[in-house]
Amino acid sequence: MGVTVSAELRITLAGAERVVAAGTTAGDALEADGRAVVAARVNGELRDLYHQVADGDVVEPVEVGSPDGRAIVRHSTAHVMAQAVQELFPEAKLGIGPPVENGFYYDFDVKQPFQPDDLKRVEKRMREIVKQGQTFQRRPVTDEQAREELAAEPYKLELIGLKGGADAEESVEVGGGQLTIYDNLDPKDGSLCWKDLCRGPHVPSTRSIPAFKLMRSGGAYWRGSEKNPQLQRIYGTAWESREKQDEYLHLLEEAEKRDHRKLGAELDLYSFPPELGSGLPVFHPKGGIIRKQMEDYMRQRQLEAGYEFVNTPHLTKSSLFETSGHLPWYGEDMFPAFELDGTEYRVKPMNCPMHNLIYRARGRSYRELPLRLSEFGSVYRYEKSGVVHGLTRVRGMTQDDSHIYTTREQMTDEIKSLLNFVLSVLRDFGLDEFYLELSTRDDSDKFIGEQADWDEATQALRQTAEESGLTLVDDPGGAAFYGPKISVQAKDAIGRTWQLSTIQLDLNQPKRFGLEYQAADGSRQTPVMIHRALFGSIERFLGVLVEHYAGAFPAWLAPVQVVGIPIAEAHAPYLHDVAKKLKAHGIRVEVDSSDDRMQKKIRNAQKQKVPFMLLAGDDDIAAGAVSFRFRSGEQKNGVPVDEAVAEIIDAVERRVQV
RNA sequence: GCCGACUUAGCUCAAUCGGUAGAGCAUCUGUCUUGUAAACAGAAGGUCAGGGGUUCGAUUCCCCUAGUCGGCUCCA
């Protein structure tokens, strides 16, 4: 650090050069009060507003509502929470406390896990700290100083020890360089209220935290490894304004209303009988008809796209999974073996080995490739008890599973057309915002096969992903054990993303199974195998659709498409005639001839989220018409029956939402 | 699997500071039927998740098991 004694400095502010006095802080230069602007970007680096600018610096404001601004507010709120926790629970040891999407967390080592009442007390204390307006002051320290000051914080000491190590990841506590401690000072007398090892930056004062709320607590392994001790994590959210926070909380409420577990019960789609065991759903008739629609449509699209359908059993001799490599690499996720006639059997967790046997059942020619085998295959996976969740994480599921065998030359083109196919089908189900994730191997030993093969496969996937024009996110270490994959992440109606389709390249199994084809030159070659699950699993996809549509399916998927509601009992036969016409076109229609009042019938149909209600009373009958009521509550009266039928058929055929 | 909370009628939820439980909706029965989100009346429905323990007595207190929920790890 050169020491320049000068009264004036030249800095660039908002693109314009300015001269300021020496000792000017970024906050002064930006005329920031810590409300709208909470930090500064100096020469591209985020800094506190207290940071003193130097000659030649380029200084920009960090708005509280910007992504960086929010992260800083959240990070500072995490500090306030940690201070409150340590005041209320003096024995609590600090873990880490970073900002995360929509909020922040802080991990603590405490003797007793936090109870809901504890969170209330912590939050109350936090509000006091925020009101007090403690300032965040940055103080560079040497490693030795830091160790001394944080002698009572074993986890922080561990982080100091990790700093600068060969594989040190950037964290909010320690970054590669100089350690810093943030002191929280009383604004009245400047006395120290609390301190934490932290890179910062922070908001200037706890008063700069506009809105926050503690959300929940739970266990979390130290540094994310189940081999480490478990700490207690408290999650909170923080925002640039009360309004933004309320918006977020409202979104959470909306998500809760759409919960597919709740809607599944209300709409009588599926259930999870405890008698069967965890993660083993059953589909009721109304859920079953949705599945049938999904499956029928998938079959049709696959036929058009050159797929062939196969069927394979649920069970196999264990040795098949030794050949495939599943047992050593995936065995822990499989149901345990059982013995029959002295031979060990397994329930299958994946369909691919069986499809390989179909491929291998006879000699294959290059003329047959790409060979696309497809099956709705039931697989069973031993998911750990704590992760089973509704339809999105089950132990028994149906994959719409395809395995495509190609030559290496065809591989890239095939992936490209696969990705287009996948996206086009997802769009037909009403999902139209996507991004891609490329999961690759890392140096962990859970991956099998030659690096050169992985490189080639990864390159083919990356090229396709990049050409798609969709956002591509890297996911190192996320690959399947046998090969890299692209997964399609779809955004739902309220902006949440779900991992759906995957396209996985496999250069291993073809070798392990000795798969071959005869090339044009007469030589024997090994095909490339592509695993492709479009829905992910039919169960999960249905769960996602339930949440996406909040249970109000477009007519082509709705279990009951039309309910006929007579104004009085006498009008029921007329509606039965209308229903007959609709049924002739394959429409799923019911006439509510219960002895409920008409208003009650409407209420019931509305609660079941039926797309079309057809009412008929004297006026309609006289005119040979029916009256529509839609889910919106909107009505269309006196529609001639043929027109009504045509309108309904049209909505179903075009697969539109109504 | 790990940490925590929870489990009362088909559903949503009460109650009992330890003396074996109640409502609304749904169901069934009956009466009544006319225009866009709940007619009226009655009946039936629970070994208070399952098992063990403490106690004169357990739905209530303790332990175990299962399941659910929220996290972690993992994952389609």
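Proteins get letters first, then strands, A, B, ... in listed order; numbering begins at 1 in each. Side-chain atoms are counted along with the backbone in the values below, which use heavy atoms only and exclude waters and symmetry mates.
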#### Entry: Distance in angstrom units between A:Met598 CE and B:A38 P, rounded
10 Å
### Summary
Expected string for nucleotides 24-31 of chain B under the B/S/- scheme (protein heavy atoms, under 4.0 Å, primed atoms plus P, OP1, OP2 as sugar-phosphate) is --S----B
### Query
For the pair made of CZ in A:Arg603 and C1' in B:A37, what is the distance, rounded to whole Å?
6 Å
### Spacing of A:Glu226 atom CD and A:Tyr221 atom OH [to the nearest 0.5 Å]
5.5 Å
### Query
Between A:Glu332 (CD) and B:C2 (P), how many Å, whole number?
14 Å
### Query
Which whole number of Å gives the distance between the C1' atom of B:U54 and that of B:G18?
12 Å
### Query
Using atom C1' of each nucleotide, how far apart are B:C63 and B:A23 to the nearest Å?
34 Å
#### Entry: Residue of the set A:Asp401, A:Asn351, A:Asp506 for which side chain to side chain donor-acceptor pair (under 3.5 Å) holds with A:His531
A:Asp506
### Query
Does the side-chain contact (heavy atoms from CB on, under 4.5 Å) test come out yes or no for A:Gln86 and A:Leu94, once each step is laid out?
CA-CA 9 Å; A:Gln86 287 203 315; A:Leu94 301 173; 3.4 Å; yes
### Task
Using the C1' atom as the reference point in each nucleotide, state the distance between B:A39 and B:U12 in Å, no decimals.
23 Å
### Message
Using 30° and 60° as the class boundaries, would you call the ring planes of A:Phe447 and A:Trp454 parallel, tilted or perpendicular?
### Response
perpendicular
### Query
For A:Leu423 and A:Arg427, what are the C-alpha separation, side-chain angles and deciding distance, and is it a side-chain contact (heavy atoms from CB on, under 4.5 Å)?
CA-CA 6 Å; A:Leu423 294 176; A:Arg427 284 193 184 100; 3.8 Å; yes
### Query
Should A:Tyr270 and A:Glu539 be marked as a side-chain contact (heavy atoms from CB on, under 4.5 Å) after you check the CA-CA gap, both sets of side-chain angles, and the distance that decides it?
CA-CA 10 Å; A:Tyr270 41 76; A:Glu539 289 79 2; over 6 Å; no
### Task
Classify the nucleic acid contact of A:Ser385 as base, sugar-phosphate or nothing, counting any heavy atom under 4.0 Å across all strands shown.
base
### Between B:U27 and B:C69 - P atom distance, rounded Å
27 Å
### Message
Rounded to whole Å, how long is the line connecting atom CD of A:Gln608 with atom C1' of B:U36?
### Response
18 Å
### Task
Going by the ring pair (Phe, Tyr, Trp, His ring centres under 6.0 Å) test, name the single residue among A:Tyr106, A:Phe108, A:Trp222 that passes it with A:Tyr155.
A:Trp222
### Spacing of the P atoms in B:A43 and B:C56 (rounded, Å)
40 Å
### Query
When rounded to the nearest 0.5 angstrom, what distance separates NZ in A:Lys636 from CZ in A:Arg629?
15.0 Å
#### Entry: Residues touching RNA chain B, which here means a heavy atom under 4.0 Å, drawn from residues 611-631 of chain A
A:Leu615, A:Gly617, A:Asp618, A:Asp619, A:Asp620, A:Ser627, A:Arg629
### Task
Could you check whether A:Tyr105 gets within reach of a base, just the sugar-phosphate, or nothing at all, counting any heavy atom under 4.0 Å?
nothing
### Task
To the nearest Å, give me how far apart CG (A:Asp107) and P (B:G4) are.
16 Å
### Task
With rounding to the nearest 0.5 Å, note down the distance linking CH2 in A:Trp498 to CZ in A:Phe541.
12.0 Å
### Message
Please enumerate all residues that pass side-chain contact (heavy atoms from CB on, under 4.5 Å) together with A:Ser385, with sequence neighbours excluded.
### Response
A:Arg395
### Task
Produce a footprint string for nucleotides 69-76 of chain B: one letter per nucleotide, 5' end first; B if the base is under 4.0 Å from any protein heavy atom, S if only the sugar-phosphate is, - if neither.
SBBBBBBB
### Message
Can you tell me how far apart CG (A:Asp296) and CZ (A:Arg299) are? Round to the nearest 0.5 Å.
### Response
7.0 Å
### Atom-pair distance (CG on A:Leu276; P on B:A66), nearest Å
17 Å
### Message
Do the side chains of A:Glu91 and A:Lys111 get close enough for a salt bridge, i.e. N-O under 4.0 angstrom?
### Response
no
### Task
Give RNA chain B the dot-bracket treatment, 5' to 3': Watson-Crick (N1-N3 with N6-O4 or O6-N4) or G-U (N1-O2, O6-N3) under 3.5 Å, [ ] crossing, | other strand.
(((((((..((((.....[..)))).(((((.......))))).....(((((..]....))))))))))))....
### Summary
NZ (A:Lys601) and CG (A:Asp596) are apart, to the nearest 0.5 Å, by 6.5 Å
### Task
Between B:C74 and B:G67, how far apart are the P atoms? Round to whole Å, please.
23 Å
### Query
Given the P atoms of B:C62 and B:A5, what is the spacing between them in whole Å?
11 Å
### Query
Under 4.0 Å between a Lys/Arg side-chain N and an Asp/Glu carboxylate O for A:Lys257 and A:Glu254?
yes
### Query
Using atom C1' of each nucleotide, how far apart are B:A26 and B:G10 to the nearest Å?
7 Å
### Message
Between C1' on B:A37 and CD1 on A:Ile567, what's the gap in Å once rounded to a whole number?
### Response
14 Å
### Task
Would you indicate which nucleotide in B:C3, B:A37, B:U34 comes nearest to any side-chain atom of A:Gln232?
B:C3
#### Entry: Euclidean distance, A:Leu582 CG relative to A:Asp577 CG, rounded to 0.5 Å
11.5 Å
### Summary
In short, A:Ala651 meets A:Val658 closest at the heavy-atom pair CB-CG1, 3.9 Å
### Query
What is the minimum heavy-atom distance between A:Ala605 and A:Ile565, and which atoms define it?
CB-CD1, 4.4 Å
### Query
What residues in residues 108-121 of chain A put a non-hydrogen atom under 4.0 Å from any atom of RNA chain B?
A:Pro113, A:Gln115
### Query
Quick one: which of B:A37, B:U33, B:U34 gets closest to the side chain of A:Gln606?
B:A37
### Query
So among A:Lys262, A:Arg258, A:Arg496, which one has a salt bridge (charged side-chain N to carboxylate O under 4.0 Å, His left out) with A:Glu547?
A:Arg496
